[in-house]
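Report on one structure; see the data block that follows.
For the numbers below, each heavy atom of this structure counts, side chains included, while hydrogens, waters and symmetry mates do not.
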Amino acid sequence: MDFVHVQVLFFVSIVSGERSDTRLLLTRNAVSRERHSEEYCAMYDICGAREDGKVLNCPYGSPSVKPDDLLSQKIQSLCPTITGNVCCSEAQFDTLRSQVQQAIPFLVGCPACLRNFLNLFCELTCSPHQSTFINVTTTAKVKGNLTVSGIDFYASDAFGEGLYESCKDVKFGTMNTRALNFIGAGAQNFTDAWTVVDDDFGLEAFAGSTEILEDYVFLGSLSRSFLEWYAFIGRRAALDVPGSPYAMTFKPTAPESSGMKPMNVSTYSCGDISLGCSCGDCPQSPVCANTAPPPHHEGGSCAVRIGSLKASYHPAKCVDFALTILYILLISMFLGWGLFHRKRERNQTSRMNPLSDIKGSGEVIRKKDENLPAQMVEDSPQTGSRVQLSIVQGYMSKFYRSYGTWVARNPILVLSLSLAVILLLCVGLIRFKVETRPEKLWVGPGSKVAEEKRFFDTHLAPFYRIEQLILATVPDARAQKLPSIVTEDNIKLLFEVEKKVDGIRANYSGSMVSLTDICMKPLDKDCATQSVLQYFQMDPQNLENYGGVEHVNYCLQHYTSADTCRSAFKAPLDPSTSLGGFSGNNYSEASAFIVTYPVNNVIDKEGNETDKAVAWEKAFIQLVKNELLPMVQSKNLTLSFSSESSIEEELKRESTADVITILISYLVMFAYISLTLGDTPHLSSFYISSKVLLGLSGVMLVMLSVLGSVGFFSAIGVKSTLIIIEVIPFLVLAVGVDNMCILVHAVKRQPLELPLEGRISNALVEVGPSITLASLSEVLAFAAGSFIPMPACRVFSMFAALAVLLDFLLQVTAFVALIVFDFLRAEDKRVDCIPCMKISSSYADTPKGIGGRRPGLLARYMREIHAPILSLWGVKIAVISIFAAFTLACIALTTRVEPGLEQQIVLPRDSYLQGYFNNVSEYLRIGPPLYFVVKNYNYSSESSHTNQLCSISQCGSKSLLNEIARASLTPESTYIAMPAASWLDDFLVWISPEAFGCCRKFTNGSYCPPDDQFPCCSSDTGSCGLGGVCKDCTTCFRHSDLNNDRPSTSQFKEKLPLFLNALPSADCAKGGHGAYTSSIDLQGYENGVIQASSFRTYHTPLNKQIDYVNSMRAAREFSSRVSDSLKMEIFPYSVFYMFFEQYLDIWRTALINLAIAIGAVFVVCLVITCSLWNSAIILMVLAMIVVDLMGVMAILNIQLNAVSVVNLVMSVGIGVEFCVHITHAFSVSCGDRDQRVRDALGTMGASVLSGITLTKLVGVIVLCFSRTEVFVVYYFQMYLALVLLGFLHGLVFLPVVLSMFGPPSRCKLVEKQEDRLSVSLRP
């Protein structure tokens, strides 16, 4: 849009002139007093013009004249304070009128400001008392005529202060900036007030004498801002440069001897009710006094001061302090109970010593065979004890006894049936698809942000695609800061870069695609490229013509006002969008060029982005890598870059970057599984006793269970995700390996005297219930997660639940059958991996033959070292104290876990986007665009919606736009950087009668464009003025046509399309074409309701993931509050909301998911064991594992996101494996608690340690060599922490808790019957 600097100082002509050295000095004679008196003019009429066409007044003083009635009416319409005689001719007034109309659209939203602004120039031009406050100080001859070249303008402090105060906060909506930036923002500080005058006049024309210095010293207490503005508009501009045609020096007081006095026209306050401005344009208005933004307080902050001295002040969070107190109380109570219990136990032992032999005899009977499985005791009367199982466990034991015998007798049938079922499920893989679209992964179908994005894209326009380059200087070792990038050489380099980018031709379906084919064009002609080269209209020839780097520095300060600084697409370019690495407004110190190419983002019905843009983006990235990067680096600069499709392309590369690492991890786990399943290796018999083939078969079953799960869901149309592909195999392998080890070790523990089917049956009776309990707990824990709204977590839970269920079923069917085959192979002395090869060996005849019952190394460690150490009283106290302290500390640390997922972590370490994201955080000084979308805006006269939305005069103090402006005053809490650009405000100004250069009509009623546009201004002849075809055009409406300055329903309906098609220009900068083309949905608007419209602002710079989350939360809270207040439907929208909505409720999602998972485990344990005591202990340990893992996340700075939530849920499933088997073995063991703990660790501890801890450990360690940070952080670090925490809690803390607080044994002493060793195999 063509925002041209407003020529606040008048009069256009075509004559050239020369400067005169004449200076009109005031004298003390009567003539002087006559010249400076009321009803006398200091200047009158036009006597010439400069070479650039700016008109110059005649310096001849004369009495004021009486205008004719027509001229008087014209003057009254613009300058109501001037009555009677005037000091301006009709030509002067027409020039005044044509020039101030350029400023009116900027200020008409605040009538008080507009009135004060017009009064300043009306008094200067036409006041009948002009000579009393205007003194012509210098003149110049132009074509033989004497013209004014310098004046002193005496204006009172009260007027200047009043004028500035009424206008200082008035906004220009389209640019989200102050209107004064357009009509007088040249001076940036008080020093500028002394240096802004044209060099031809030096400081003489501004100051003139030491009296002025004294005047400005006196003004030290006044606001310097309006003085700067005075200095700006008083500057004598060079040729073709915006500004005054002659120098004006504003002075607060006149010399007493001159007979002059400062102009002191009354000013209107912007808070004046009769000329009221909006709260956004006048925050100090009385109607806005009660709507000031509340002071920002850190929500939920709480601290405790420890220490009385200032030097020892250490603020601590209340939760930390509370947990510390709680820990002290709990430990004190625990130690007190421990001492009391220990003392009472010793007393009881001394009193009951005679009975020790009876107790001992029971133990001897139980210890007759320590390695005998506990479940066998039920049918082994020679042990002297019986296990009283729960009803469910009893039925399960009977089932597994019969089932185990049947499987052992029919292994081929079982293996064939199980493989047939799983392979049938795998057929669904032919419909396998991977979901990669973020909106489908992180946002549910009923999600609020998904609905809002769909609404925004459908009714307004899809957010544009962004292609970006960041060129930055290299740090200077000698300097403290980065060198400035704004140099002549760097600008020339940027032109070379731009030339290559413009030359890109991408091949799309045989046609060549260039940037101009796909770029966003606000005015349908030039691309809206955001680059400092726009200050040269993207034309390298203008680099020399405009003055090179000096022109850039000039435009950085005058980008809103200078005509030569406008962009090729006719809009001012905010330096903060094209420069980076500066502080405040010190743009010249910028250390980076930021070049952004907005590209149209057309979305088709399938939701796919345009292939043309993607093809160009690929060519763009290739060009940068091959040509631009070396070229920029050769100039000792850095270059980072990105395209809209870069992240997706790099994620695809990332998904294949670690395939080898993952495969190595699986191979390492497989190798360890094969080793741990076998017997203690002996060189002579290793090829028979090893279990490589069995381990490989077990791993294949795990893979088949995963494939079966994926196949089933693919068959019913559920797409997979990368998380499923990467995580679920690890999860199922961890669970499956544990079950495999437990089953194989249980079979190996059986007496060799039993037949194989008896050993298989007894092994299933021994471990079947605990495997079932653990597996069902895991299945329900994962299945419960399928009810959460986040698709990525929901789909993962579904796939994982079915995979674990299938793995369990394959373990108790196919794998048991494979165990039968493997033991038959070993007994038949056939070689592992080559079962068709049979050799002779004496190994089977040894007492420790195949399937021998000699405990392994880990089992002996657990029984002989681990368990005895944990049975020591001091160790128990230490374990409880340490684990409790760590858990409470982790609760405190959990509050420090932040939601989010840093982009750098997800991408490969060698990705070019790594440097790009770092530079974005370092250099960008403006945040993402933020749109507040209003649904169903009723613009009819009967509705109050218009005043509830707008922010100009007559608008509500709590309107949407006023609230946005108010929120931008506290960006640290609202994350709103500036007031919103308002199409509604600009439209209301555009149709306002005061903006007489905007909405106009011909005599036939058709639309008449501004005077500087076709057909009023012919591009061929260059003829623009008041006498063309548009000379009879009048404003669309008079005040009497409007109702309180608001259009009627029909007027609104008629003029809105014209406004949206109106091109902005110097005469009317409020045209809506380009700026608001996609801000309004005109479909169906004829009914009086606009279905969708948006108001654009910007977020503050967002550098961290938590900033994105908090900014989205703040925007939603703001829009919710305003919607409730206005009773309108309003929602915020930004392009990144789609990716970050998940984090608004990520804590809630995680906690609910974990609570459901742990609760499901508790219910299953309670139903199967019928023991509230056991179930409560398992629940406590699982909760501790999860809490401790979250504490470790805080220590390692791991953020909370979908991946970590999945890992936390998985920790429940893996934690069950650590807890259930040990607890079940403890429950069915006989003896006191310490003895039962020893038996449980001896039978199940080794399987848990080898089957899940060490197996998972060796597989996880390989992941630390991953090329992708996400694997290192979320898989290596979190998995390693999970395995270690599971081991410590399951094999250290849980045994101690059971030995101190465990439930009573289910073993019951019975009469010793006849000695027999065989075990009943009855079903």
Side-chain angles (χ1 to χ4, degrees), residues 7-65 85-96 99 120-155 197-198 200-202 204-206 208-209 233-237 239 243-251 254-255 258-261 263:
Q7 304 293 338
V8 291
L9 294 176
F10 343 122
F11 325 131
V12 178
S13 183
I14 56 173
V15 207
S16 62
E18 60 181 350
R19 179 185 172 197
S20 168
D21 294 330
T22 306
R23 178 176 175 85
L24 304 183
L25 302 177
L26 297 179
T27 64
R28 298 177 181 269
N29 56 27
V31 177
S32 173
R33 287 191 295 274
E34 183 182 9
R35 288 183 60 248
H36 297 292
S37 61
E38 294 184 358
E39 299 295 334
Y40 207 86
C41 306
M43 305 175 290
Y44 185 80
D45 210 354
I46 298 173
C47 287
R50 303 195 318 175
E51 292 180 359
D52 57 2
K54 294 178 180 177
V55 298
L56 298 169
N57 291 344
C58 303
Y60 309 114
S62 63
S64 58
V65 298
N85 294 348
V86 296
C87 282
C88 60
S89 64
E90 185 172 4
Q92 282 181 285
F93 177 77
D94 287 342
T95 304
L96 168 66
Q99 294 298 324
L120 172 65
F121 296 104
C122 285
E123 293 292 324
L124 172 64
T125 308
C126 295
S127 173
H129 314 303
Q130 187 189 71
S131 65
T132 62
F133 53 85
I134 296 293
N135 182 37
V136 178
T137 57
T138 57
T139 60
K141 281 190 176 182
V142 177
K143 297 294 184 180
N145 296 328
L146 199 63
T147 62
V148 175
S149 61
I151 65 171
D152 284 343
F153 191 149
Y154 296 98
V197 186
D198 188 82
D200 289 346
F201 290 87
E204 179 186 22
F206 183 80
S209 68
I233 62 178
R235 173 193 309 159
R236 180 184 185 275
L239 295 178
S244 170
Y246 50 80
M248 293 190 299
T249 304
F250 287 88
K251 298 182 178 182
S258 66
M260 302 175 69
K261 57 183 179 181
M263 186 268 290

For side chain to side chain donor-acceptor pair (under 3.5 Å), just list the numbers for T137 and D152, CA-CA rounded to whole Å, side-chain angles, deciding distance to a tenth of an Å, and then say yes or no.
-> CA-CA 7 Å; T137 57; D152 284 343; 4.6 Å; no

Looking only at heavy atoms, which two atoms of [X] and [Y] are closest? And how far apart?
X    : Y    : value
C58  : Y44  : CB-O, 3.0 Å
N57  : Y246 : ND2-OH, 3.6 Å
S149 : A140 : OG-N, 3.9 Å
V136 : A42  : CG2-O, 3.7 Å
L56  : V148 : CD2-O, 3.7 Å
M263 : L120 : CE-CD1, 4.1 Å

Given I151 and T249, is the side chain to side chain contact (heavy atoms under 4.5 Å, CB included) satisfied, shown in steps?
-> CA-CA 6 Å; I151 65 171; T249 304; over 6 Å; no

About how many Å separate [atom2] of [Y] and [atom1] of [X], when rounded to the nearest 0.5 Å?
X    : Y    : atom1 : atom2 : value
I134 : C41  : CD1   : SG    : 11.0 Å
E90  : L96  : CD    : CG    : 13.0 Å
C87  : E123 : SG    : CD    : 10.5 Å

With sequence neighbours excluded, tell me which residues meet side-chain hydrogen bond (donor to acceptor under 3.5 Å, both in side chains) with T132.
-> none

Under a 3.5 Å distance rule, please check whether [X] uses its side chain to pair with a backbone N or O of [Y] as donor and acceptor.
X    : Y    : value
T139 : L146 : no
S89  : D45  : no
Q130 : S127 : no

Between C88 and C126, is the SG-SG gap less than 2.5 Å?
-> yes

Using ring-ring contact (aromatic ring centres under 6.0 Å, His included) as the criterion, list what pairs up with F153, not counting sequence neighbours.
-> F133, F250

Excluding sequence neighbours, so at least two apart, what forms side-chain contact (heavy atoms from CB on, under 4.5 Å) with E39?
-> S64, N85, P128, H129

